[in-house]
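To keep things clear, I will list the structure first and then write my remarks on it.
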There are 2 protein chains.
Amino acid sequence: MAKNGDHENDGHMHGEVNKRRKNRRPTMVDVAREAGVALRTVSRVVNDDATVGSELAKRVHDAIAALDYRPDERARHLRLGVTGTLGAAVRQLSHVNPVLRAVERAARAADLMVLAASTEDDERLERRVVESMCRRRFDGIVLEPIGADHGYLLPELAAGLSLVAVDRPVLGLEVDCVISDNMAGIQAAYGHLTAHGHRRIAYIGDDERIFTAQERASAFRASVAGAGGGLDGMVHTGPIEPGRIARALTTARAGGATAVITGNATISVEVVRGSDDRRMAIVGFDDSELATLLRPDLTVVAQDDQAIGATAIDLLRSRIADHGRPVTRVTVPVELLARGSGEQPPP
Amino acid sequence: MAKNGDHENDGHMHGEVNKRRKNRRPTMVDVAREAGVALRTVSRVVNDDATVGSELAKRVHDAIAALDYRPDERARHLRLGVTGTLGAAVRQLSHVNPVLRAVERAARAADLMVLAASTEDDERLERRVVESMCRRRFDGIVLEPIGADHGYLLPELAAGLSLVAVDRPVLGLEVDCVISDNMAGIQAAYGHLTAHGHRRIAYIGDDERIFTAQERASAFRASVAGAGGGLDGMVHTGPIEPGRIARALTTARAGGATAVITGNATISVEVVRGSDDRRMAIVGFDDSELATLLRPDLTVVAQDDQAIGATAIDLLRSRIADHGRPVTRVTVPVELLARGSGEQPPP
DNA sequence: CCGGGGTGAGATAACGTTATCCCGAAAGGT
DNA sequence: ACCTTTCGGGATAACGTTATCTCACCCCGG
């Protein structure tokens, strides 16, 4: 326990060690004094500089241990200019988000620390979070953008912010981004259902003001048009409310639909919940824990979260390395996982 | 795009503007030069100091706008001594974690920024993350502790770290913590099932090396003992593997169990998955999205995530304000939500 | 015996803020 | 008219690091 620390906690005794001002954490100066060396030498030891003799190094290490010295990264970062930190501004930290996991992994592999915060799908909060990260001079930011107006990013980008958008692009701004191949996913789902005999297929999706929702809905319309089918009563988009989705399901059935494609995992849940007895074929967008809990298991279009996260970090690092590099947009392939619900034939 | 040679904003063409060193973000000195005032005055304006005249203030604001100046929090924090930042080290950022959400909310209300990172249930990673946050001099840390050995925290705490443990205590160390009333939850579940006629009740839980798992399992054993029942074949704990849980279920049935209490949400899923046809009454620990998706809906013991998160931030703030305050351990009540699965009578 | 590389270590100046002092001028009292 | 008070605003010193420069020293060959 406390070896030399007998004065340490109990008050106002003025020993050599205790000369530092009240309760202040020890600094390099304190270590230098304790070890009887120059400030710069302590810095050298801390940074594993080879040009310091072994005897002095030992003295310094002892002093560090005796004082429980911990370097202050704020000062370090200030002096260095970089922080070795990436920010992640995501919709909800506390929601399931496999991409964020992949982002953390990839960043860790590159010896970067990821610090994350929620934007709660609130444009103002997004701005608050991102600007806060900028003021903290994070080296880069991974952002799941919300809403349409990202003008506030312009001066930050001009000032040198490195940014990569994930899942959705930053509309109107030239920013690197990584997005799933929504169109291919919808096409695969549609093709899968037609291959199993379905001719009338409905789509129930999220609010089309959301980029991915819009993209998926458009892809669906294009698929139907390409097959020469009709769209009446088959496309339902809007905010996620159980009532809306139940009504959409009813309308689709009345219109003769025998299968449904959903726009995201939450909607899949509602659709399953709303189609208790009467069996329709279902292909959901986004894989989730729920998919293998249902009977039959849910056939889904799964995004490659691992690839998305790793690519995001790649883009961010190369952007940090060369801020003038041309903007890149990466589309990551999706995969259809057939599990049962999408293979049911029409009645 | 515009490189450093061009004027960055087409609007304001002050020759002064471009004088700043290559690509460097503008600093207070640059703003002061641009506005023709002293450095200190810029600081005053930025911090809304009332003692600055309105004319000078305007000049400064204009200069800030012209240069797109953003204060550097690293320097600010270094000078101020505090960072206005809390760290959250949780098991998995990308898992559902309502407590983290409540933590973010409560912190935001107190004008503190929460930056979160995953520990991935890895003791070494936890240490890495926490120490990193300490070196960044975060004002406080919310921690979901892993494993048994938290000795590395000792010097940090002595040096002034403010810490609060959530969901589990930090074993062997005097640290504030907020924990659900696991015992009361198990008792409530047990009482609920007996009230509905069950006499043989099984418990399937997580690995007892995990604190909460141990606490819940013990509470279950105590409940059974209190009711004068036998434990043979009724208590199954261990790592979460589908196979183990299916076997546990079989054993329990063979032992005459007509109802199951689960140790957490993941196990609830596996139990539901494994008890397809034959109906047993189920009470799950932890509420989740799944609970209302099943038929019948899952009766659960729900933790008060909101209260846990808010309490954690309260404790942390008061610890920051008075580092010598006695250690507090808060137990937050749980609530049994009857939804159907726990009200089925024995066959 | 002396000059020329290395080489280990110290003094000092940044990095971008805020806090402490201090001063000049305007205002008010006698 | 002069002295005191207020008050806006500027110089300058921290905060805790790292980078640059310098220097003292030692080991050799000439």
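Since we're looking at a predicted model, the values are computed, not measured. Heavy-atom basis, side chains included; hydrogens, waters and symmetry copies ignored. In what follows, every chain begins at residue 1, and chains take the letters A, B, ... in the order their sequences are listed.
- Atoms CD (B:Glu73) and C1' (D:dG16) sit 17 Å apart, rounded to a whole Å.
- With respect to A:Arg135 and B:Asp72, no salt bridge is recorded, no charged nitrogen being found less than 4.0 Å from a carboxylate O.
- The base of C:dT17 is not paired with the side chain of B:Arg79 by any donor and acceptor separated by under 3.5 Å.
- Regarding A:Arg33, its CZ atom lies at a distance of 14 Å from the P atom of C:dA11, rounded to whole Å.
- The interatomic distance linking B:Leu78 (CG) with C:dA19 (C1') rounds to 14 Å, in whole Å.
- Residue B:Val29 is classed as having no contact, given no heavy-atom separation below 4.0 Å to the nucleic acid.
- Sequence order on DNA chain C of the closest nucleotides to A:Leu39 and A:Thr51 puts A:Thr51 first from the 5' end.
- For A:Tyr69, the side-chain atoms get nearest to D:dT17 when compared with the rest of D:dT17, C:dG10, D:dG9.
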B:Tyr152 vs B:Glu126, side-chain hydrogen bond (donor to acceptor under 3.5 Å, both in side chains): CA-CA, chis, key distance, verdict: CA-CA 11 Å; B:Tyr152 76 93; B:Glu126 174 197 305; 2.7 Å; yes
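- Between A:Ser43 and the phosphate of D:dT18, there is a side-chain N or O to OP1/OP2 separation shorter than 4.0 Å.
- Contact annotation for A:Arg40: base contact, defined as any heavy-atom pair under 4.0 Å involving a base atom.
- Going from atom CE of A:Met28 over to atom C1' of C:dC15 covers 15 Å, rounded to whole Å.
- Using a 4.0 Å heavy-atom cutoff across all strands shown, A:Thr27 reaches sugar-phosphate atoms only and no base atom.
- Among the atoms of the strands shown, only primed sugar atoms or phosphate atoms (P, OP1, OP2) are found under 4.0 Å from some heavy atom of A:Leu80.
- For B:Arg59 and B:Asp62, the salt-bridge test fails: no basic side-chain N is under 4.0 Å from an acidic carboxylate O.
- When rounded to the nearest whole Å, the span between NE2 of A:His77 and P of D:dT18 equals 11 Å.
- Note on the helix from C:dC1-D:dG30 to C:dT30-D:dA1: terminal axis deviation equals 60°, with five pairs used at each end and the result rounded to 10°.
- Remark: of the listed residues A:Val142, A:Asn97, A:Leu100, A:Val142 is the sole one forming a side chain to side chain contact (heavy atoms under 4.5 Å, CB included) with A:Val166.
- Nearest approach of B:Val164 to B:Ala312, heavy atoms of both residues: CG1-O, 3.8 Å.
- Here A:Arg74 lies out of heavy-atom contact (under 4.0 Å) with every strand.
- Projected onto DNA chain D by closest heavy-atom contact, B:Arg44 and A:Val42 fall at different nucleotides, the more 5' of which corresponds to B:Arg44.
- For residues 138-167 of chain A, the pairs satisfying salt bridge (Lys or Arg N to Asp or Glu O under 4.0 Å) are A:Arg91-A:Glu144, A:Arg91-A:Asp167, A:Glu156-B:Arg25, A:Glu156-B:Arg70, with sequence neighbours left out.
- When rounded to the nearest whole Å, the span between CZ of B:Arg137 and C1' of D:dG16 equals 9 Å.
- A:Ser94 and A:Gln92 share a donor-acceptor pair across their side chains, judged by distance under 3.5 Å alone.
- Between B:Arg76 atom CZ and C:dT17 atom P there is a gap of 10 Å when expressed in whole angstrom units.
- Rounded to whole Å, the distance from CD on A:Glu55 to C1' on C:dA9 is 13 Å.
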Verdict with reasoning, A:Val130 to A:Leu143, per side-chain contact (heavy atoms from CB on, under 4.5 Å): CA-CA 8 Å; A:Val130 170; A:Leu143 175 67; 4.0 Å; yes
